[in-house]
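Working notes, beginning with the structure itself.
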2 protein chains.
Amino acid sequence: MAGQNEQGNGAVNFLRDAIPRPQAGSASPCAACPVRDLSFCNALSDAELEHLNRVSSDVFLATGQSLFDEGAPADHVFNVTSGAMKIYKLLSDGRRQITGFLFPGDFLGLSTRDAYAYSAEAVCSTQLCRFNRQKLEHLLRDFPKVERRLLGIANDELALAQEQMLILGRKTAKEKIASFLLMLSRRAKKSGSQSNPIALPITRTDMADFLGLTTETVSRTITQLKSSGMITLLPGNEVRLENLETLEEMAEGE
Amino acid sequence: MAGQNEQGNGAVNFLRDAIPRPQAGSASPCAACPVRDLSFCNALSDAELEHLNRVSSDVFLATGQSLFDEGAPADHVFNVTSGAMKIYKLLSDGRRQITGFLFPGDFLGLSTRDAYAYSAEAVCSTQLCRFNRQKLEHLLRDFPKVERRLLGIANDELALAQEQMLILGRKTAKEKIASFLLMLSRRAKKSGSQSNPIALPITRTDMADFLGLTTETVSRTITQLKSSGMITLLPGNEVRLENLETLEEMAEGE
DNA sequence: GCTTGTCTTTGATATGTATCAAAGATGGTG
DNA sequence: CACCATCTTTGATACATATCAAAGACAAGC
């Protein structure tokens, strides 16, 4: 399994790697957070954020480092503040399905069960906010508008999950790659990043595990898109989408 | 497209087919509802349910009748009270991915957007509760515990969506069918119905569209499971699972 | 600058499922 | 009871993608 750290199982050592916040100071770290507007925190005012700050700490992960494994006790929830994460499920023979890539502002780890439903791992150097689950649940009772915000986020994720089921279940390899590139572009645009060219720090293997393909098929398909002038691969893991409208038609199977 | 009614587009005529509840009476229809314990309504007491009763009406659908189409204005949300629904997304060339089968107690139609993210259609004769979306949102503000219940439901659905992505993206046809039958059995058990044999009112085509296969592949695979003694097809659209443990190993690819 | 590990690409072949076609089964309606 | 539409099953063939193998590219470390 990729991403082993010294403990041998890739899991974060919560007693060491999570850094509690300084509680005093002129500006709350939550209020000053660069992704505050992108996540559930934006339901709270600066003053209210102080409550949130009290139940959060920072986690730093290196590339490939595990945040949690499927089945581990779901004691914390997380918000990505920088970098990127992948979440995935495994079959007993090692087959892996990546079920999402998470970027700054994304929330993960919420569960109604006692255990995490999936594993999470850093795609690159990543920083997250970590919240004790029980304390956060208490906070939600005090601030129902945050719970409402989380319900909205969950419903948006459900809609995206259904789009991904359509991709996985019905699209060809080329339609899948086109859809994936467009999704990254839309995602970057929505969060205020550059949407063309797009950053593509994701390996061909990870793309394959997300799209239900193999590494070779992803590579062949990207080469075809390159050869036909639809995309240009740039240094530094970036991809320029040369004709958005045609790519959208391609993604939709037209 | 299957399931056209007289209006030619399969959509429910809301001004005629939805029947408002009688507002007076000794027992609230919501309090008397057979699926009350299975759905979000169980967060409310009998007295509190009266508020819910005031914002709900009944919808009756025949087999194949559409509830709503993807992109239609999302003015209502629904709860299945009897029968079964399927929700799906379409590509422009007619390719269809069924993203869920819904049974009594299931909730559908909630969206943060102005339009439905998917289409919904009756698998068989089906009855649903219908709630005006804005009125329900007001009710959620008055009863945050219902919102909390909905958040829990959404998170459960997200976990199921990820399991389905693993199935769609990584499993073989036989693993898919085995997983599907087991899912129906678990679902029946959880809602107090008979879990073996299971009822299977779903056509091979609908199974195929849910599992990312074709009708013929589903049929061939079911025949293989039959021939190998894993299942027995019974009259009345029922299937007996002959060896749950072996079927679970098969579903998991062991 | 060289080595090494990892990732990507390309080539050749295999295969699971799709596609096309046709026959059989089933249930509803007249 | 017969007919018809729909669904299911089976057979034959095609093909998109997987699998296996090998070569090339790239980045990090010494």
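Letters A, B, ... are given to chains in the order of the sequence lines, protein chains preceding strands, and every chain is numbered from 1.
- The CD-C1' distance, from B:Gln224 to D:dT9, rounds to 13 Å in whole Å.
- The listed nucleotides are D:dA21, D:dT17, C:dT8; the one nearest the side chain of A:Ala173 is D:dT17.
- Of the candidates D:dT8, C:dA18, C:dT10, the closest approach to any side-chain atom of B:Leu213 belongs to C:dA18.
- Nucleotide C:dT9 holds its C1' atom 12 Å from the CG atom of A:Leu233, rounded to whole Å.
- Between A:Leu225 atom CG and C:dT9 atom P the separation is 12 Å, expressed in whole Å.
- Proximity of B:Thr172 to the phosphate of C:dG16: no side-chain N or O atom is located under 4.0 Å from OP1 or OP2.
- No donor-acceptor pair under 3.5 Å is formed between the side chain of A:Ser185 and the backbone N or O of A:Leu181.
- The CE-C1' distance, from B:Met207 to D:dT8, rounds to 10 Å in whole Å.
- Between B:Arg204 and A:Val218, the residue anchored nearer the 5' end of DNA chain D, judged by the nucleotide with its closest heavy atom, is B:Arg204.
- Checking side-chain atoms of A:Asp209 against main-chain N and O of A:Asp206 turns up no donor-acceptor pair under 3.5 Å.
- Using a 4.5 Å heavy-atom cutoff, the side chains of B:Ile222 and B:Val239 are not in contact.
- Along DNA chain C, the nucleotide closest to A:Thr203 and the one closest to A:Arg170 are compared, and the more 5′ of them pairs with A:Thr203.
- Atom-to-atom, NZ of A:Lys226 to C1' of C:dT10 comes out at 11 Å; the value is rounded to the nearest Å.
- Atom CZ of A:Arg96 is separated from atom P of D:dA18 by 15 Å (rounded to the nearest Å).
- Between A:Tyr116 and A:Phe68, the ring planes are parallel. Angles under 30° get that label, and only those over 60° would be called perpendicular.
- For B:Thr215, whose side chain is taken as the heavy atoms from C-beta onward, the closest listed nucleotide among D:dC20, C:dA18, D:dT9 is D:dT9.
- Here B:Gly236 lies out of heavy-atom contact (under 4.0 Å) with every strand.
- Judged by distance alone, the side chain of A:Arg240 and the main-chain N or O of A:Pro197 form no donor-acceptor pair under 3.5 Å.
- Residue B:Thr217 places at least one side-chain N or O closer than 4.0 Å to OP1 or OP2 of C:dA18.
- Nucleotide C:dT8 holds its P atom 8 Å from the CG atom of A:Asn237, rounded to whole Å.
- The side chain of A:Ser219 places no N or O atom within less than 4.0 Å of a non-bridging phosphate oxygen (OP1 or OP2) of C:dT10.
- For A:Arg220 and C:dG11, a side-chain-to-base donor-acceptor distance below 3.5 Å is present, hydrogens and geometry of angles not being considered.
- OP1 or OP2 of C:dA18 has at least one side-chain nitrogen or oxygen of B:Thr214 nearer than 4.0 Å.
- Distance, B:Asp206 CG to D:dC7 P: 9 Å, rounded to whole Å.
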